[in-house]
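Scroll down for the structure; my scribbles are underneath it.
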Amino acid sequence: MGSILGFNFTLLMPLVIGCLMAASASNFNQDFDITWGDGRGKIVNNGELLTLSLDKASGSGFQSKNEYLFGQIDMQLKLVPGNSAGTVTAYYLSSKGSTWDEIDFEFLGNLSGDPYILHTNVFSQGKGNREQQFYLWFDPTADFHTYSILWNPQRIIFSVDGTPIREFKNMESIGVPFPKNQPLRIYSSLWNADDWATRGGLVKTDWTQAPFTASYRNFNANACVWSNGASSCKSNSPSSASTNNAWFSQELDSTSQQRLQWVQKNYMIYNYCTDAKRFPQGLPSECKMS
């Protein structure tokens with residue numbers, strides 16, 4: 001038995017070392033600024049962990065020092081545990097201005113024992129209304145899980161622990177705007193939204209449970225950094241021959257397509273593309289193509 005355990009441990013060692021390397025590569029002090037919350041946002045453990053908290057007086061938030069124009073963005077989050085009803089943890093990419101682009105993860109809290117709702121949306125040139133919502137197949141408060149946005153000129157893929165949950169393709173050819181010209185900054189916040197977040201606002205935040213805390217670690221951006229009007233990726237099309245830049249032309253292979261379909265069949269709880277009542281003039285153009 002001991003030798004079997006020893007053998008398994010040997011197999012696991014490279015994985016453990018890999019995780020440690022990933023953890024040491026990310027430093028929140030270098031990559032992010034706490035932007036609001038009056039001390040409720042904290043970077044600790046020598047920059048390896050960031051926490052946001054919410055109490056009755058205020059929530060908190062942070063943003064990336066860099067802006068990006070295309071990339072693979074990964075972040076591990078552990079969400080507010082227990083009775084998180086009324087709270088929203090938002091983690092998204094966004095530009096500024098009236099015709100902004102935005103790629104959203106929002107985690108809508110719930111009563112203890114009820115599942116979180118993962119809310120996704122894509123804004124292009126100031127227009128959103130492209131919501132898809134999911135339950136998760138695990139408890140997102142018990143441990144850290146990786147939430148990823150792959151954004152290249154052809155598509156946006158939302159993934160959870162490497163499993164794709166949503167794909168938004170570039171369909172400019174049929175007149176659907178696609179985020180591709182505006183550099184986006186990473187933002188995250190924890191805030192009170194009990195006027196709408198849980199069961200349409202029926203369930204209010206229980207402030208006796210405060211402070212509410214969400215935690216972040218292992219940020220990674222394999223991405224084109226935008227600075228002084230120029231991209232860090234030469235000619236804005238990094239060589240796809242490099243494995244580091246494979247994301248720039250990446251698409252879902254057949255296995256990933258199957259996993260996406262599994263999530264959408266079993267865990268999707270709202271899809272704007274099937275909400276005919278909401279769009280009496282007809283579903284958005286991209287819905288007819290997918």
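Owing to the predicted nature of the structure, the values given are computational and were not obtained by experimental measurement.
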Exercise. Provide the full list of salt bridge (Lys or Arg N to Asp or Glu O under 4.0 Å) pairs with a residue in residues 167-176, sequence neighbours left out, each pair given once.
Key: Arg155-Glu167, Glu172-Lys180

Practice problem: Just jot down the ring pair (Phe, Tyr, Trp, His ring centres under 6.0 Å) partners of Phe178, sequence neighbours excluded, or say none. | Solution: none

Self-check item: Sequence-distant partners of Thr208, side-chain hydrogen bond (donor to acceptor under 3.5 Å, both in side chains), two or more places apart
Solution: Asp206

Quiz item: Counting only heavy atoms not in Asp253, do more than 12 fall under 6.0 Å of its CG?
Solution: yes

Self-check item: Sequence-distant partners of Asp139, side-chain hydrogen bond (donor to acceptor under 3.5 Å, both in side chains), two or more places apart
Solution: Thr141

Quiz prompt | For Arg166, all residues meeting salt bridge (Lys or Arg N to Asp or Glu O under 4.0 Å), sequence neighbours excluded | solution = none

Quiz item: Around Asn46, counting heavy atoms of other residues, nucleotides and ligands shown, do more than 12 lie under 6.0 Å from its CG?
Solution: no

Result block: side-chain N/O donor-acceptor pairs under 3.5 angstrom for residues 182-189, not counting sequence neighbours:
{"residue": "Gln182", "atom": "OE1", "partner": "Ser95", "partner atom": "OG", "Å": "2.8"}
{"residue": "Gln182", "atom": "NE2", "partner": "Thr99", "partner atom": "O", "Å": "2.7"}
{"residue": "Arg185", "atom": "NH1", "partner": "Ser64", "partner atom": "O", "Å": "3.0"}
{"residue": "Arg185", "atom": "NH1", "partner": "Lys65", "partner atom": "O", "Å": "2.8"}
{"residue": "Ser188", "atom": "OG", "partner": "Ala90", "partner atom": "O", "Å": "2.7"}
{"residue": "Ser188", "atom": "OG", "partner": "Tyr216", "partner atom": "OH", "Å": "2.6"}
{"residue": "Ser189", "atom": "OG", "partner": "Trp191", "partner atom": "NE1", "Å": "3.4"}

Self-check item: Residues in side-chain hydrogen bond (donor to acceptor under 3.5 Å, both in side chains) contact with Gln76, at least two apart in sequence or another chain
Solution: Thr146, Arg217, Asn218

Practice problem: Kindly state each residue pair satisfying salt bridge (Lys or Arg N to Asp or Glu O under 4.0 Å) with at least one member in residues 51-61, sequence neighbours excluded. | Solution: Arg40-Asp55

Quiz item: Rounded to the nearest 0.5 Å, how far apart are CG of Leu69 and OG of Ser232?
Solution: 9.5 Å

Practice problem: Could you pull out all residues at least two apart from Thr51 that satisfy side-chain hydrogen bond (donor to acceptor under 3.5 Å, both in side chains)? | Solution: none

Quiz item: What pairs of residues pass the salt bridge (Lys or Arg N to Asp or Glu O under 4.0 Å) test when at least one of them lies in residues 255-279, not counting sequence neighbours?
Solution: Glu131-Arg278

Exercise. Identify, with sequence neighbours excluded, every residue that meets ring pair (Phe, Tyr, Trp, His ring centres under 6.0 Å) alongside Phe168.
Key: none

Exercise. For residues Leu79 and Phe107, report the shortest heavy-atom separation together with the two atoms involved.
Key: CD1-CD2, 3.5 Å

Exercise. Please identify each residue that fulfils ring pair (Phe, Tyr, Trp, His ring centres under 6.0 Å) with Trp262, with sequence neighbours left out.
Key: Trp137, Tyr267

Quiz item: Under 30°, 30 to 60°, or over 60°: which ring-plane class applies to Tyr147 and Phe138, parallel, tilted or perpendicular?
Solution: tilted

